[in-house]
Asks: 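Here you go, one structure.
Just the heavy atoms: all of them, side chains too, but no hydrogens, waters or symmetry mates, feed the values below. Nothing here was measured: the structure is a model prediction, and the numbers come from that model.
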Amino acid sequence: MTTHIDNGIKTAFQAFSILIFLLQLPNHVAFHTNNEPWLTTTEPEPTPTPTPWPEQFHALLYMNLTTTHLQLSDLWYDWPKGRNVNIFQKQLGIVLYDIEWNNGTSFYYTLGANAQCQTVDFGVGIPRPDFLDGAHYLGRVVTDGFLCDVWEKVDFIWYYEDVVTKRPVRWDFYDGISSHVMTFEIGAVLPDLVVQAPAYCFTEPADENASSTLAKV
């Protein structure tokens with residue numbers, strides 16, 4: 001009986017001695033299975049950068065406007081052809097076509113009875129695929145049910161990208177307009193016929209002051 005007790009005490013003492021030895025080691029020292037010590041280093045994770053837009057894509061957007069009204073946007077982005085098309089369905093209202101070109105010209109028009117059109121010269125083209133280059137990374141947040149990386153650029157846009165798929169989930173503008181991405185189809189192209197502004201868009205001079213009332217509907 002005494003032998004068993006002595007052996008137990010001896011084993012406990014050895015275990016305790018090993019524990020004390022480990023506790024006295026510097027925190028940065030560890031043991032490898034091959035008994036080769038090394039310093040553990042934690043490499044800082046690189047700051048995420050926003051994924052450039054595909055050169056061509058189609059997206060359906062649910063938009064909350066600063067007027068508290070809602071609208072749907074049928075967005076067709078086409079960098080190779082130098083155009084960005086938004087077909088807006090206003091809440092319980094009109095369908096507004098917004099055709100933006102890389103030369104800075106935008107056409108806003110409606111179709112059918114009482115059709116209207118106004119042309120605006122903004123002086124700048126459509127966003128480049130890498131328009132978020134240089135954006136400030138803000139961290140991660142859950143929005144619309146997706147874990148997203150978030151960036152802000154020049155206090156103008158806040159952009160949310162799905163951490164897993166790298167697809168855009170949402171973007172907000174400085175004026176409070178919020179766009180939520182419902183579908184995102186890479187490579188889709190709108191037929192040229194659809195983006196041709198109607199003839200009545202060319203009977204009035206362009207509005208260089210961008211004060212178009214139709215554009216603000």
Asks: With a 4.5 Å cut-off on side-chain heavy-atom distances among I, L, V, M, F, W and Y, is there a chain of contacts connecting Trp158 to Ile177?
Replies: yes
Asks: Would a distance-only check, ignoring hydrogens and angles, find a side-chain to backbone donor-acceptor pair under 3.5 Å from Asp121 to Gly123?
Replies: yes
Asks: Measure the acute angle between the ring planes of Trp53 and Trp171, then classify it against the limits of 30° and 60° as parallel, tilted or perpendicular.
Replies: tilted
Asks: With clusters defined by side-chain heavy atoms of hydrophobic residues (ILVMFWY) lying less than 4.5 Å apart, directly or transitively, does Val124 cluster with Phe173?
Replies: yes
Asks: I'd like to check Arg83 versus Ile126 (side-chain heavy atoms, cut-off strictly below 4.5 Å). Are they in contact?
Replies: no
Asks: I want to check something: taking the side chain as every heavy atom from C-beta on, are Phe88 and Asp98 in contact at a cut-off of under 4.5 Å?
Replies: yes
Asks: Using only atom types and a distance under 3.5 Å, with no angle test, would you say the side chain of Glu185 pairs donor to acceptor with the backbone of Ala188?
Replies: no
Asks: Can you list everything that forms a side-chain contact (heavy atoms from CB on, under 4.5 Å) with Thr51? Sequence neighbours excluded, please.
Replies: Glu161, Lys166
Asks: Are Leu111 and Leu72 connected, step by step, through hydrophobic side chains (Ile, Leu, Val, Met, Phe, Trp, Tyr) whose heavy atoms are closer than 4.5 Å?
Replies: no
Asks: Minimum heavy-atom separation for Tyr200 to Gln116, with atom names?
Replies: CE1-O, 3.7 Å
Asks: Excluding sequence neighbours, so at least two apart, what forms side-chain contact (heavy atoms from CB on, under 4.5 Å) with Pro191?
Replies: Val194
Asks: Shortest non-hydrogen contact from Asp162 to Leu147?
Replies: OD1-O, 3.4 Å
Asks: Do you know the tightest heavy-atom contact between Leu61 and Ser179?
Replies: CD1-CB, 4.3 Å
Asks: With hydrophobic residues grouped by side-chain heavy-atom distances under 4.5 Å, do Met182 and Phe184 end up in a single group?
Replies: no
Asks: Between Val163 and Arg140, is a side chain to side chain contact (heavy atoms under 4.5 Å, CB included) present by the stated rule, with each step listed?
Replies: CA-CA 8 Å; Val163 169; Arg140 288 182 173 176; 3.6 Å; yes
Asks: Within this structure, what is the CG-CG distance for the pair Asp74 and Leu60, rounded to the nearest 0.5 Å?
Replies: 5.0 Å
Asks: Nearest 0.5 angstrom please: Thr119 OG1 to Tyr109 OH, how far?
Replies: 10.5 Å
Asks: Can you tell me how far the CD atom of Glu100 sits from the OG1 atom of Thr105, to the nearest 0.5 Å?
Replies: 11.0 Å
Asks: Does the Glu152 side chain pair with the main chain of Val154, one donor and one acceptor, at a distance under 3.5 Å?
Replies: yes
Asks: Taking atom CG as the centre, does Asn114 end up with more than 12 heavy-atom neighbours from other residues, nucleotides or ligands that are less than 6.0 angstrom away?
Replies: no
Asks: Nearest 0.5 Å, please: how far is CZ in Phe57 from CH2 in Trp79?
Replies: 12.5 Å
Asks: Under 4.5 Å between any side-chain heavy atoms of Leu132 and Thr49, yes or no?
Replies: no
Asks: Under the side-chain contact (heavy atoms from CB on, under 4.5 Å) test, which residues partner Arg170, sequence neighbours left out?
Replies: Thr143, Asp144, Tyr160, Asp172, Ser178, His180
Asks: Taking the side chain as every heavy atom from C-beta outward, state whether Tyr108 and Cys201 have any pair of such atoms under 4.5 Å apart.
Replies: no
Asks: Main chain of Leu70, side chain of Gln91: is a donor-acceptor contact present, judged purely on distance under 3.5 Å?
Replies: yes
Asks: For the atom pair OH (Tyr174) and CG (Asp155), what is the distance rounded to the nearest 0.5 Å?
Replies: 11.5 Å
Asks: Quick one: side-chain contact (heavy atoms from CB on, under 4.5 Å) partners of Pro48, sequence neighbours excluded?
Replies: Tyr137, Asp149, Trp151
Asks: Between Asp130 (side chain) and Pro52 (backbone), is there a donor-acceptor pair under 3.5 Å?
Replies: no
Asks: State whether Lys81 and Asp192 are salt-bridged, where the test is any N-O pair (Lys NZ or Arg NE/NH1/NH2 against Asp/Glu carboxylate O) under 4.0 Å.
Replies: yes
Asks: Between Phe107, Trp76, Trp101, which is the residue that forms a side-chain contact (heavy atoms from CB on, under 4.5 Å) with Val195?
Replies: Trp101
Asks: Return the set of residues passing side-chain hydrogen bond (donor to acceptor under 3.5 Å, both in side chains) with Tyr97 (not counting sequence neighbours), or none when no residue passes.
Replies: none
Asks: Grouping I, L, V, M, F, W and Y whenever their side-chain heavy atoms are under 4.5 Å apart, do Tyr159 and Phe156 come out in a common cluster?
Replies: yes
Asks: Rounded to the nearest 0.5 Å, how far does CG of Leu75 lie from CD1 of Ile87?
Replies: 9.5 Å
Asks: Can you give each donor-acceptor pair under 3.5 Å made by side-chain atoms of residues 62-69, sequence neighbours left out, with the distance rounded to 0.1 Å?
Replies:
{"unit_1": "Thr67", "atom_1": "OG1", "unit_2": "His69", "atom_2": "N", "d": "3.4"}

